[in-house]
Amino acid sequence: MNDRKRLKFPLSRVARVMPKGFTDAEFLDLFKTAYPGLWLELMNFFKSNMDEYRNRINKGLKGVKPFYPKAMVFLVAKSSLAKSRIDNFNSSIEQEHEKAEERAKIIREGKNKANKLQQLESEQIRKFQKVAPKYVDNLIKLYFNQRKENALDIDTRYLIILECAKFKCKKTIVFLQKINACEKNNELRMLAYEYLVRFGINPRLTRKRKGKKKLTATTVHKIEESPSVLLQLIFEKQQILHKNFDVFLSHSYGRQSELLQTKEILNRQGLVVYVDWINDAEMLQREKQNDDTFNVLYERLRQSSALLFIQTKLSVTSEYCMDELMYFKKLNRPMYLYEAEPIENQPKIFEGMIKVELKNDKFLTEDNKAILAQSQVI
């Protein structure tokens with residue numbers, strides 16, 4: 001939203017289809033309807049800049065107060081509105097009819113954009129966990145210590161950002177905002193900015209510094225994204241990747257919407273959940289699976305205090321799921337069974353598992369006991 005040119009065409013298009021005698025309020029309403037994403041970006045950009053302005057003023061520094069979204073719209077649209085009102089004096093009935101049809105068209109387009117935007121934001125936000133595990137504090141401290149002691153170690157700081165960004169809470173938001181505002185490394189600063197956008201915050205992207213670029217600013221991470229590399233990193237980067245999960249969610253791939261809902265319910269119960277295609281999304285992509293994929297999952301199982309198996313017709317026939325159950329059973333830790341779909345002839349490995357039901361938006365055992373929470377709920 002740094003470039004006003006992005007607003008010119010949309011505003012000009014809306015101005016051209018306005019009817020005779022239109023008001024500024026009607027123009028603004030049509031723009032909001034036709035371009036909901038652009039208006040949202042404009043609002044978020046203003047909020048971010050206003051926060052920055054207030055922080056500078058509170059510190060006794062000078063600052064430039066940003067334009068309010070409405071003021072920015074009318075500033076950029078000034079000439080288009082003037083031309084539209086002049087043209088409207090001489091517009092014919094046929095021309096007004098054509099403009100009415102065009103207005104209806106861009107309103108339909110705007111509503112479709114709004115629905116897609118809402119769906120996209122919902123799916124993105126749901127993939128983050130809304131709990132604050134204790135190890136996040138240590139990771140944030142480690143990031144700044146690492147930057148101070150070994151500024152060229154971009155790999156470690158890259159991994160820390162990836163890990164912290166899996167949890168949407170006040171601590172991680174503030175952490176990413178600091179990186180976006182102060183980090184000298186271009187790649188890490190951009191990574192923090194992208195995650196803030198996915199959080200739905202849309203911050204102001206800090207510009208690259210002018211002048212001669214130092215190596216600390218231009219160095220990029222050299223981590224290959226694959227199960228084998230992840231397995232190696234789990235052992236080499238113990239401080240970052242050897243973490244604990246409350247619940248390992250064992251499930252078949254598919255039914256993602258239901259699985260995201262399950263994760264959210266567990267989060268609300270205060271539980272940090274491991275889901276392979278969320279927690280290790282970058283490293284365990286389906287097209288990159290190899291022999292180490294199972295080994296990574298074994299490590300994640302060892303790092304989990306309990307397992308929740310989602311019973312469906314697909315999961316009970318999944319090689320991955322059955323292997324996870326057999327491995328976790330050897331760890332002698334709590335194993336929970338949620339019967340999302342009824343099946344005939346349950347596998348013998350289900351014997352001894354604790355059945356849970358969804359009651360009042362909580363997973364509870366048959367005697368109404370909750371899976372014990374070990375993390376802080378936001």
Side-chain angles (χ1 to χ4, degrees), residues 126-136 138-139 159-160 162-169 172 225 227 229-231 233-235 237-286 288-289 292-312 315 318 320-338 340 353-354 356 363 370-378:
R126 289 180 72 185
K127 288 185 179 180
F128 301 109
Q129 300 207 44
K130 296 183 180 180
V131 289
K134 295 178 181 178
Y135 60 79
V136 163
N138 294 331
L139 287 178
L159 289 171
I160 291 174
L162 288 184
E163 183 55 35
C164 288
K166 292 178 173 66
F167 304 96
K168 185 182 179 183
C169 59
T172 55
E225 295 178 346
V229 172
L230 176 57
L231 186 64
L233 288 170
I234 288 175
F235 294 106
K237 304 284 188 180
Q238 292 283 322
Q239 288 177 292
I240 305 169
L241 297 172
H242 191 79
K243 43 192 177 285
N244 296 315
F245 303 98
D246 296 318
V247 179
F248 184 103
L249 193 61
S250 182
H251 62 283
S252 62
Y253 193 71
R255 299 168 62 104
Q256 290 194 17
S257 180
E258 291 91 337
L259 291 168
L260 286 169
Q261 185 178 7
T262 299
K263 175 196 67 69
E264 289 178 343
I265 292 170
L266 291 168
N267 281 171
R268 287 195 290 271
Q269 290 183 245
L271 298 165
V272 177
V273 185
Y274 178 81
V275 184
D276 57 351
W277 48 274
I278 295 179
N279 296 76
D280 289 322
E282 299 83 11
M283 300 292 195
L284 296 185
Q285 297 178 41
R286 298 278 160 172
K288 296 181 180 179
Q289 287 184 357
D292 281 327
T293 300
F294 270 118
N295 293 325
V296 169
L297 293 176
Y298 293 154
E299 286 302 315
R300 296 311 194 199
L301 285 162
R302 279 197 286 268
Q303 294 170 352
S304 301
S305 300
L307 177 144
L308 174 61
F309 181 76
I310 308 300
Q311 175 186 289
T312 63
S315 65
S318 166
Y320 274 91
C321 291
M322 293 301 106
D323 194 68
E324 290 166 0
L325 291 180
M326 288 188 289
Y327 187 87
F328 201 80
K329 200 159 192 174
K330 295 176 184 177
L331 299 177
N332 197 29
R333 296 175 188 170
M335 299 176 67
Y336 297 91
L337 172 64
Y338 175 59
M353 293 180 68
I354 306 168
V356 295
F363 284 107
I371 299 175
L372 294 179
Q374 299 177 0
S375 304
Q376 173 188 351
V377 183
I378 296 174

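If you're wondering where the values come from, they're calculated on a predicted model, not measured in any experiment. What's counted below: heavy atoms across the whole structure, side chains too, no hydrogens, waters or symmetry copies.
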Worksheet item: Backbone N or O of F167 within a donor-acceptor pair of the T172 side chain at under 3.5 Å?
Response: yes

Discussion item. Students often mix this up, so state it plainly: with edges at 30° and 60°, are the rings of Y320 and F294 parallel, tilted or perpendicular?
Written reply: parallel

Fill in: side chain to side chain donor-acceptor pair (under 3.5 Å) partners of residues 321-331, not counting sequence neighbours, each pair once
S250-E324, Y298-D323, R302-Y327

Discussion item. With a 3.5 Å distance limit and no angle check, can you tell me whether Q269 reaches the backbone of F363 through a side-chain donor-acceptor pair?
Written reply: yes

Discussion item. Applying side-chain contact (heavy atoms from CB on, under 4.5 Å) to Y338 and H251, what does each step give before you reach the verdict?
Written reply: CA-CA 10 Å; Y338 175 59; H251 62 283; over 6 Å; no

Worksheet item: Has the side chain of N279 got a donor or acceptor atom that lies under 3.5 Å from a matching backbone atom of V275?
Response: yes

Worksheet item: How many angstroms lie between atom CG of L307 and atom CG of L337, to the nearest 0.5 angstrom?
Response: 10.0 Å

Discussion item. For a quick test of reading the model, state the closest non-hydrogen atom pair linking P334 to Y336 and the distance between them.
Written reply: CB-CE1, 3.7 Å

Fill in: Minimum side-chain heavy-atom gap V296-M283 below 4.5 Å
no

Worksheet item: Going from OH on Y274 to NZ on K166, what distance comes out if it is rounded to the nearest 0.5 angstrom?
Response: 9.0 Å

Item to complete: Show the numbers, then the answer: is there a side-chain contact (heavy atoms from CB on, under 4.5 Å) between M335 and F309?
Response: CA-CA 8 Å; M335 299 176 67; F309 181 76; over 6 Å; no

Practice prompt. Report the distance from atom CG of L266 to atom CG of D246, rounding to the nearest 0.5 Å.
Written response: 9.5 Å

Worksheet item: So, does R333 use its side chain to make a donor-acceptor pair with the main chain of S304 at under 3.5 Å?
Response: yes

Worksheet item: N267 and side-chain contact (heavy atoms from CB on, under 4.5 Å): which partner among V247, T262, V273, V272?
Response: V273

Worksheet item: So how far is it from L284 CG to I278 CD1, rounded to the nearest 0.5 Å?
Response: 12.5 Å

Discussion item. For a 4.5 angstrom cut-off between non-hydrogen side-chain atoms, does Q129 reach K263?
Written reply: yes

Worksheet item: If you measure from OG on S252 to CG on L259, what distance do you get to the nearest 0.5 Å?
Response: 7.0 Å

Worksheet entry | Trace of the side-chain contact (heavy atoms from CB on, under 4.5 Å) decision for E258 with T312 | CA-CA 12 Å; E258 291 91 337; T312 63; over 6 Å; no

Worksheet entry | Check: F248 ring centre within less than 6.0 Å of F328 ring centre | no

Practice prompt. Enter the distance from D280:CG to I234:CD1 here, rounded to the nearest 0.5 Å.
Written response: 6.5 Å

Worksheet item: With no hydrogens and no angle check, is any side-chain donor or acceptor of S315 less than 3.5 Å from a backbone partner on I310?
Response: yes

